[in-house]
Amino acid sequence: MTKEVRVRFAPSPTGALHIGGLRTALYNYLFARKMGGKFLLRIEDTDQTRFVPGAEEYIQESLDWMGISPDESPWKPGSVGPYRQSERKASYMSYALDLIEKGHAYYAFDTSEELEAMRERLTAARVVQPQYNSITRTQMKNSLTLSATEVKERLASGDPYVIRAKLPLKEEVRFHDLIRGWVLVHSSTLDDKVLMKSDGMPTYHLANIVDDHLMGITHVIRGEEWLPSAPLHVLLYRFFGWEDTMPQFAHLPLLLKPDGNGKLSKRDGDKLGFPVFPLNWTDPFSGEKSSGFRENGYLPDALLNFLAFLGWNPGDEREIFSVEELVEAFSIERIGKSGTKFDIAKAKWFNEHYLRSGAQEDLIAYLQQDAQAAGTTLSQEKAGAIVSLLRDRVTFPGDFWRDSQFISHAPTQFDTEVAAKKWNADAATLLQAYANALESGVAAPFDGTAAKALLESTAEATSIKLGKVMQAVRLAVTGLGAGPDLMEVFAILGPQEVAKRIRFALDTLAIVD
RNA sequence: GGUCCGUUCGUCUAGGGGUUAGGACGUAUCCCUUUCACGGAUAAAACACGGGUUCGAUUCCCGUACGGACUACCA
């Protein structure tokens with residue numbers, strides 16, 4: 001019996017959760033479910049200057065909407081809380097001190113000016129990568145260079161300080177990544193990262209390792225942007241003596257912009273013609289609004305299915321997967337290595353699929369909602385008819401209302417191109433006769449078949465070829481040149497309304513020949 | 001610049017020493033259809049390049065090119 005799998009999604013509440021983060025959360029969720037383990041959410045709010053009110057709630061709502069709610073989180077704590085790093089603040093210092101005691105970390109008192117001066121000096125000396133590392137730390141103000149007394153005095157007098165990791169000068173750091181295989185980095189290229197900031201908060205690196213350890217995390221599934229700092233993290237596990245329980249790493253390929261230039265970022269929201277956030281978001285400081293997939297009409301199941309396939313596939317040719325099926329099929333081994341461009345067309349295809357295969361009453365509800373919002377009421381029967389009519393042509397829930405405008409509203413103007421081409425004497429003659437027939441009373445029920453039969457007999461009586469004037473008929477009643485089955489539209493409209501619209505068209509449109 | 005990661009149709013990808021390199025989205029054409037869609041069929045479309053290993057490389061190795069990430073007291 002192996003240890004229970006525990007994974008975490010650890011976002012920073014610095015704004016709206018973006019779609020890449022959502023995919024990371026999804027993979028964590030799928031893996032946890034697949035392995036019968038737990039999916040936790042930890043809020044990494046160690047940077048107090050970047051905290052954005054509402055961001056945490058946004059993350060929660062997004063995950064809930066997607067149906068991938070965590071098993072343990074700040075709002076549903078398990079036994080290893082708190083689940084906000086700001087609330088764990090008190091514990092980090094002792095771990096940092098432990099590292100100092102073990103000789104793997106040290107106090108550094110350099111001011112930002114001094115750090116800046118150091119970088120400038122190194123740059124001037126043509127050092128390619130100026131950094132605070134095993135070489136340069138010997139020339140800086142830290143507990144490695146200062147006397148023990150001075151360090152003690154500085155600490156006692158409240159001098160601002162940070163605690164830095166003391167990385168080995170030359171050592172091969174090697175670790176296994178579930179997606180990339182063995183990754184080898186030489187410690188000389190690493191720098192002495194700050195572990196504790198001068199405000200008493202830990203940096204990501206320290207907090208992350210300590211919390212993952214304390215929370216029993218077995219697998220760290222995160223974005224590839226973390227790959228360069230993974231060696232540091234591995235070293236920290238070693239420094240703490242936690243190597244035995246060190247989680248396995250899986251660094252996910254990044255989501256790229258559609259043009260392939262750079263990773264998809266929060267700033268791309270809407271500029272690319274599609275949302276990059278799950279839900280609408282208004283920045284509380286700038287007031288800047290970004291739109292979300294949800295408000296743009298994407299169904300959570302569709303977005304989930306789409307996201308799952310951005311960098312992963314089941315190895316066979318199936319593409320439509322429910323969450324349950326994804327859980328069943330998921331494996332980290334089948335996650336790809338290369339960056340993935342975001343293709344909104346595919347997302348739309350998934351959405352169409354899920355929308356069109358939805359339950360009739362759900363689709364009716366979409367239409368009813370929009371109609372109501374527009375101040376109109378639709379009978380259940382009429383709404384049902386419209387849904388059936390449009391079902392195979394919609395992409396988003398809002399399409400039912402949008403694409404049935406011509407049913408709710410009689411045309412006041414007509415597609416000029418079609419009018420110019422198709423509106424002729426024959427059409428007018430037929431329409432005139434058809435309107436007469438409709439008004440003189442039709443047998444109930446006036447369904448699509450009846451509407452068609454009547455139109456056909458009218459055509460016969462007037463000796464007009466129906467095929468030649470059909471588009472004009474459509475134009476007269478809907479104002480448009482194309483659309484769903486016209487006879488079904490007539491049935492929904494009813495004979496009186498159809499006749500009325502024909503009369504209006506007859507009065508309005510000029511005949512061309 | 002440095003370190004690390006990557007590279008199969010336009011996009012998401014399958015595959016893997018010998019294949020007609022498969023699927024999906026998108027695109028195009030045809031069929032269906034009294035329009036547009038749906039549905040069906042078909043088509044165009046890819047192994048970045050150069051070496052090496054090998055009887056044989058898209059597949060393995062090495063380079064190059066290109067792309068990406070990182071390079072903060074941000075995560």
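All chains are named by letter (A, B, ...) in the order of the sequence lines, taking the proteins before the strands, and each is independently numbered beginning at 1. Every heavy atom of this structure was used, including side-chain atoms; hydrogens, water molecules and symmetry mates were not.
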Return the nearest nucleotide to the side chain of A/Ser338; candidates are B/C25, B/U8, B/G22.
B/U8
With the side chain defined as heavy atoms from C-beta on, A/Val185 is closest, among B/C4, B/U13, B/G26, to B/C4
Heavy atoms only, 4.0 Å cut-off, all strands: where does A/Pro484 land among base, sugar-phosphate and nothing?
base
A/Arg42 and A/Asp212 ion-paired at < 4.0 Å
yes
Per nearest nucleotide of RNA chain B, the residue lying toward the 5' end, A/Gly336 or A/Arg356, is A/Gly336
Across all strands shown, which nucleotide pairs with B/C60 by Watson-Crick or G-U wobble geometry, both distances under 3.5 Å?
B/G52
Look at the rings of A/Phe309 and A/Trp312 and say which category their plane angle falls in: under 30° parallel, 30 to 60° tilted, over 60° perpendicular.
perpendicular
Hunt down the Watson-Crick or G-U wobble partner of B/G39, both distances under 3.5 Å, from any strand shown, or write none.
B/C31
Gap in Å between the two P atoms, one belonging to B/U8 and one to B/U13, rounded
9 Å
Which value, in whole Å, describes the distance between the P atoms of nucleotides B/G68 and B/U11?
14 Å
If we call it a pair only when both distances are under 3.5 Å in a Watson-Crick or G-U wobble match, what pairs with B/G16?
none
Nearest-Å distance once atom P is located in both B/C30 and B/A21:
29 Å
With a 6.0 Å cut-off on ring centres, are A/Tyr107 and A/Tyr161 close enough?
yes
For A/Tyr298, the ring-ring contact (aromatic ring centres under 6.0 Å, His included) test, sequence neighbours excluded, returns A/Phe293, A/Phe396
For nucleotides B/A37 and B/U59, find the distance between their P atoms and express it as a whole number of Å.
43 Å
Nearest-Å distance, NZ (A/Lys348) to C1' (B/A37)?
16 Å
What's the gap between B/C60 and B/G16 when it is taken at their P atoms, as a whole Å value?
10 Å
Please give the distance between the C1' atoms of B/C25 and B/A44 as a whole number of Å.
15 Å
Is the Lys NZ or Arg CZ of A/Arg164 less than 6.0 Å from the centre of A/Tyr132's six-membered ring, within 45° of the axis?
yes
Rounded to whole angstroms, how far apart are CG on A/Asp343 and P on B/U27?
11 Å
May I ask which nucleotide in the shown strands pairs with B/C4, Watson-Crick or G-U wobble, both distances under 3.5 Å?
B/G68
Decide ring pair (Phe, Tyr, Trp, His ring centres under 6.0 Å) for A/Phe306 and A/Phe342; before the verdict, give the C-alpha distance in whole Å, the side-chain angles of both, and the deciding distance to 0.1 Å.
CA-CA 10 Å; A/Phe306 168 67; A/Phe342 196 87; 5.3 Å; yes
A/Glu456 near the nucleic acid: base, sugar-phosphate alone, or nothing, with a heavy-atom cut-off under 4.0 Å?
base
Nearest-nucleotide check on RNA chain B, A/Arg474 vs A/Leu190; residue mapping nearer the 5' end is A/Leu190
Rounded to whole angstroms, how far apart are CD on A/Glu417 and P on B/U35?
18 Å
Separation of B/U3 atom P from A/Leu167 atom CG, nearest Å, is 17 Å
Starting from the C-alpha separation in whole Å, work towards a yes-or-no answer on ring pair (Phe, Tyr, Trp, His ring centres under 6.0 Å) for A/Tyr58 and A/Trp281.
CA-CA 8 Å; A/Tyr58 183 95; A/Trp281 169 255; 5.2 Å; yes
When you measure from the side chain of A/Lys337, which nucleotide among B/C5, B/C12, B/G6 comes out closest?
B/G6
Grab the CZ-C1' distance between A/Arg180 and B/G68 for me, whole Å please.
10 Å
Distance test, side-chain N/O of A/Asn313 to OP1/OP2 of B/A14, below 4.0 Å:
yes
When all nucleic acid strands are considered with a 4.0 Å heavy-atom cut-off, which category describes A/Gly311: base, sugar-phosphate, or nothing?
sugar-phosphate
I need a per-nucleotide contact map over nucleotides 69-75 of chain B, read 5' to 3'. Cutoff is protein heavy atoms under 4.0 Å; write B for the base, S for backbone only, - otherwise.
SSS-BBB
Salt bridge between A/Asp211 and A/Arg88, side-chain N to carboxylate O under 4.0 Å?
yes
Using a 4.0 Å heavy-atom cut-off across all strands, classify A/Asp485 as base, sugar-phosphate, or nothing.
base
Which part of the nucleic acid does A/Leu184 contact within heavy-atom distance under 4.0 Å: base, sugar-phosphate only, or nothing?
sugar-phosphate
Surrounding NZ of A/Lys197 (heavy atoms of other residues, nucleotides or ligands, distance under 6.0 Å), is the total greater than 12?
yes
Can you measure A/Lys452 atom NZ to B/U35 atom P for me and round it to whole angstrom units?
10 Å
Partner nucleotide, any strand, of B/U11 [Watson-Crick/G-U, under 3.5 Å]
B/A24
A/Glu333 CD - B/A14 P separation (whole Å)
14 Å
What interatomic distance, in whole Å, is found between P of B/C49 and the corresponding atom of B/U29?
31 Å
Take the protein atom CG of A/Asp403 and the nucleotide atom P of B/C38, then report the distance between them rounded to whole Å.
13 Å
Work out how far the P atom of B/A14 is from that of B/G6, and round it to whole angstrom.
15 Å
Hey, can you tell me if A/His205 and A/His233 have their rings parallel, tilted or perpendicular (30° and 60° cut-offs)?
tilted
Check whether any side-chain nitrogen or oxygen of A/Arg334 sits under 4.0 Å from OP1 or OP2 of B/G15, and answer yes or no.
yes
